[in-house]
Amino acid sequence: MLYNSTRNSELKVSAAQAITQGISVEGGLFVPEELPKLNDADFEQLIDKSYVERAIVILAKFLTDFSDVEIRYCAENAYTDKKFKSNHIAELSCLLDGTYMLELWHGPTCAFKDMALQILPYLLTTSAKKVAKGKKIVILVATSGDTGKAALEGFKDVPDTQILVFYPEDGVSAMQKRQMTTQEGKNVAVSAIEGNFDDAQTGVKQIFTDPKIVAKLAENNMMFSSANSINWGRLLPQIVYYISTYCELVKDEEIAMGDLVNVVVPTGNFGNILAAYYAKKMGVPIGKLICASNANNVLTDFIKTGTYNKIRDFHTTISPSMDILISSNLERLLYDLCGRDDKKITEWFRQLGETGRYTVDAHVMEKLSESFFAGCCDDEQTKETIKKIFDQYSYLCDTHTAVAVKVAQDYKQETGDDRKMIIVSTASPYKFAPSVLSAVAGQAAEDDYEQLDQLEELSKLEIPKALADLKDKEVRFTGSVKKENMEQVVLAMLGLA
Ligand SMILES: *Cc1c(COP(=O)(O)O)cnc(C)c1O
């Protein structure tokens, strides 16, 4: 299987090349030429397997330039109960009303990003061996909070890699910040930027594609790659859990093979929900894909109207990992919906860069509405939802997941569609303890670690060890830079300044 760029359909690269490079030279994103289709026999075979074995089968369909041994090596090292709570990897919890909560946060950093970032370092180093022999891979990350930590944890002390994470100074939770600034490892660095996530992401994309910097790295036998969901190696592992979860529900006789289920995803950069769309296209019986946003509801408006308009106020919310106005992966969806018309995509994204907006044509709009529904809620509604779900079902969800729960309820009410729903739960409530506590108990202790105890008492859920242990860790990274100066930080870290 080969991969095209969303801005150049003529381009054809191998999976290893796409994963190593991260983003295409003209700024487009890599997508598979064609999605493999799963038939009845494939599903039958997958249903009886474990998560890791399902992952191996699915990855092999996309990574045709990897050997079976390499794929097994990547999957088995990532998806073990040494790193995740159990061999289920993607845990399912069923609420009393029949809703399935797909808990993707039982990995080492307590957010769903681990599902992809535990395996990405293996995929990337295996890829780099094929296409970039001997080069050091420099991973630049822009994070709204969770990707940064998950990427640091995945790449720490991985030979021949170096990782640098930028996070918005005032845009992450106290726990997220502490997770990053205490990161251990010899090849890691972390810097705050004075700006929001979009500034960080735009800055990183600019550095990636700046010919001068790229040449400087090449002279020193280094190359950039990305651990953000613009990298195909991030998206692919996310497709796995949608396929696996459907199989798991069939295996548990919760649904019959072929039953349609709706999937609700709390969305920021559009990576997670795009993976669900790809799973649907591959043949997983998914009905509607429900895109849930917080007060930064640029996607809600887009899905309802067909006009993407990023010129609007940026809100700092209690679900910071979704505080995004430029959702990168939407580009991949639109490329698919417009029939892989690279000219159209290039034009729309040129308009987005220059005017802050673009409008898709009626045909794309029609296809978009066929598969997607969108809704949003504000912080007040998010908190009300956390409380309501806790009171009704003794189930505690984090601030991001609560946005999805609220939009799921709104969707049911608005459409009367009562198909079974999978709500994607993207973070442990402990990661956002102050907001969760204020929602359910009305108040939170001052101290970050007392908050964890308070939440444990209330919920009877065990505090994740990774978070409790932060208390005794030394803060290693305290720097903050202006967004214009990100480039200098990168060069300084690499010793090229
Ligand atoms: C990253 C993140 C999201 C948004 O996921 P996207 O793939 O960017 O849409 C939602 N919730 C949490 C907790 C996250 O960390």
Side-chain angles (χ1 to χ4, degrees), residues 95 97 99 101 105 111-112 144-146 168 170-177 196-198 264-270 272-273 290-305 309-310 312-325 327 373-415 421 423-446 448 451-452 454-455 458-459 461:
L95 299 189
D97 70 350
T99 305
M101 303 299 293
W105 41 265
F112 94 93
S144 56
D146 291 326
D170 300 316
V172 300
S173 80
M175 202 49 87
Q176 287 177 317
K177 182 169 177 176
N196 61 34
F197 170 74
D198 292 314
V264 192
V265 187
T267 299
N269 221 357
F270 211 77
N272 203 354
I273 195 166
I290 299 163
C291 175
S293 301
N294 63 21
N296 295 297
N297 55 1
V298 60
L299 286 168
T300 317
D301 291 347
F302 173 68
I303 291 172
K304 286 195 192 303
T305 66
N309 184 358
K310 69 162 185 161
R312 57 178 72 212
D313 289 337
F314 180 91
H315 301 281
T316 301
T317 72
I318 58 171
S319 41
S321 302
M322 294 154 66
D323 289 347
I324 292 175
L325 292 180
S327 295
F373 175 92
C376 59
C377 73
D378 62 19
D379 281 355
E380 230 20 72
Q381 293 168 312
T382 306
K383 285 191 183 177
E384 278 164 23
T385 305
I386 294 174
K387 174 146 177 61
K388 199 168 124 195
I389 295 298
F390 185 66
D391 290 347
Q392 272 180 343
Y393 307 118
S394 302
Y395 186 86
L396 196 61
C397 56
D398 94 292
T399 48
H400 304 76
T401 307
V403 170
V405 173
K406 172 72 171 95
V407 172
Q409 291 167 347
D410 292 348
Y411 169 78
K412 267 194 176 171
Q413 201 149 50
E414 206 177 307
T415 63
M421 290 225 216
I423 297 182
V424 180
S425 176
T426 48
S428 158
Y430 280 101
K431 246 185 139 161
F432 303 93
S435 304
V436 172
L437 275 168
S438 99
V440 286
Q443 55 172 22
E446 278 288 316
D448 292 347
Q451 289 166 359
L452 298 186
Q454 213 183 335
L455 206 53
L458 204 80
S459 68
L461 284 174

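Evaluated for a side-chain contact (heavy atoms from CB on, under 4.5 Å) with Val405, the options Thr382, Asp410, Ile389, Val264 yield exactly one hit, Ile389.
To the nearest 0.5 angstrom, Gln409 atom CD is 8.5 Å from Met421 atom CE. Remark: Gln392 CD to Leu95 CG distance equals 9.5 Å, nearest 0.5 Å. The distance from the CG atom of Asp198 to the CG atom of Leu325 is 5.0 Å, given to the nearest 0.5 Å. With values rounded to the nearest 0.5 angstrom, Phe112 atom CZ is found 8.5 Å from Ser321 atom OG. One distance of note links CZ of Phe373 with CD1 of Ile290; it measures 7.0 Å at 0.5 Å rounding. Atoms OG1 and OH, from Thr99 and Tyr395 in turn, are 10.5 Å apart once rounded to the nearest 0.5 Å.
Proximity of a side-chain donor or acceptor of Thr401 to a complementary backbone N or O of Cys397 within less than 3.5 Å is not detected. Checked by atom type and distance alone, the side chain of Asp378 pairs as donor or acceptor with a backbone atom of Gln381 at under 3.5 Å. Judged purely by atom type and a 3.5 angstrom limit, Asn294 uses its side chain to pair as donor or acceptor with the backbone of Ser319. Between the side chain of Lys304 and the main chain of Ala374, a donor-acceptor pair closer than 3.5 Å is present. For the pair Gln454 (side chain) and Leu437 (backbone), a donor-acceptor distance under 3.5 Å is absent. Here the side chain of Ser173 pairs a donor or acceptor atom with the backbone of Gln176 at under 3.5 angstrom. Side-chain atoms of Tyr430 come within 3.5 Å of backbone N or O of Leu461 as a donor-acceptor pair. The backbone N or O of Gly268 sits less than 3.5 Å from a side-chain atom of Ser327, completing a donor-acceptor pair. Side chain of Gln451 to main chain of Ala444: no donor-acceptor pair is present (N/O by atom type, distance under 3.5 Å, no hydrogens or angles). When atom types are taken as modelled, the side chain of His400 and the backbone of Ala427 share no donor-acceptor pair closer than 3.5 angstrom.
Contact of the Ile324 side chain with the Phe270 side chain is not registered, since no non-hydrogen atoms from C-beta on lie closer than 4.5 Å. Counting heavy atoms from C-beta outward, Gln443 and Ser438 have side chains that stay 4.5 Å or more apart. Two residues are said to be in side-chain contact when any heavy atoms from C-beta on lie closer than 4.5 Å; Asn272 and Thr267 fail this criterion. Between Phe314 and Asn296 there is a side-chain heavy-atom pair separated by less than 4.5 Å. Using a 4.5 Å heavy-atom cutoff, the side chains of Val424 and Pro266 are in contact. Put simply, the side chain of Cys376 does not reach to within 4.5 Å of the side chain of Lys406, judged on heavy atoms. Met175 has its side chain out of reach of Phe432: every pair of non-hydrogen atoms, C-beta onward, lies at least 4.5 Å apart. In this structure, Asp301 and Asn297 have side chains that are in contact, with non-hydrogen atoms separated by less than 4.5 Å.
Donor-acceptor pairing under 3.5 Å is lacking for the side chains of Ser144 and Asp323. Between the side chains of Thr426 and Trp105, no donor-acceptor pair is found at a separation under 3.5 Å.
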Q.
Checking Phe197 against Asn269 for the side chain to side chain contact (heavy atoms under 4.5 Å, CB included) test, could you report, in this order, the C-alpha distance in whole Å, the side-chain angles of both residues, the deciding distance, and whether it holds?
A. CA-CA 10 Å; Phe197 170 74; Asn269 221 357; 4.1 Å; yes

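Asp379 has no carboxylate O lying under 4.0 Å from a charged side-chain N of Lys383, or vice versa, which leaves the two without a salt bridge.
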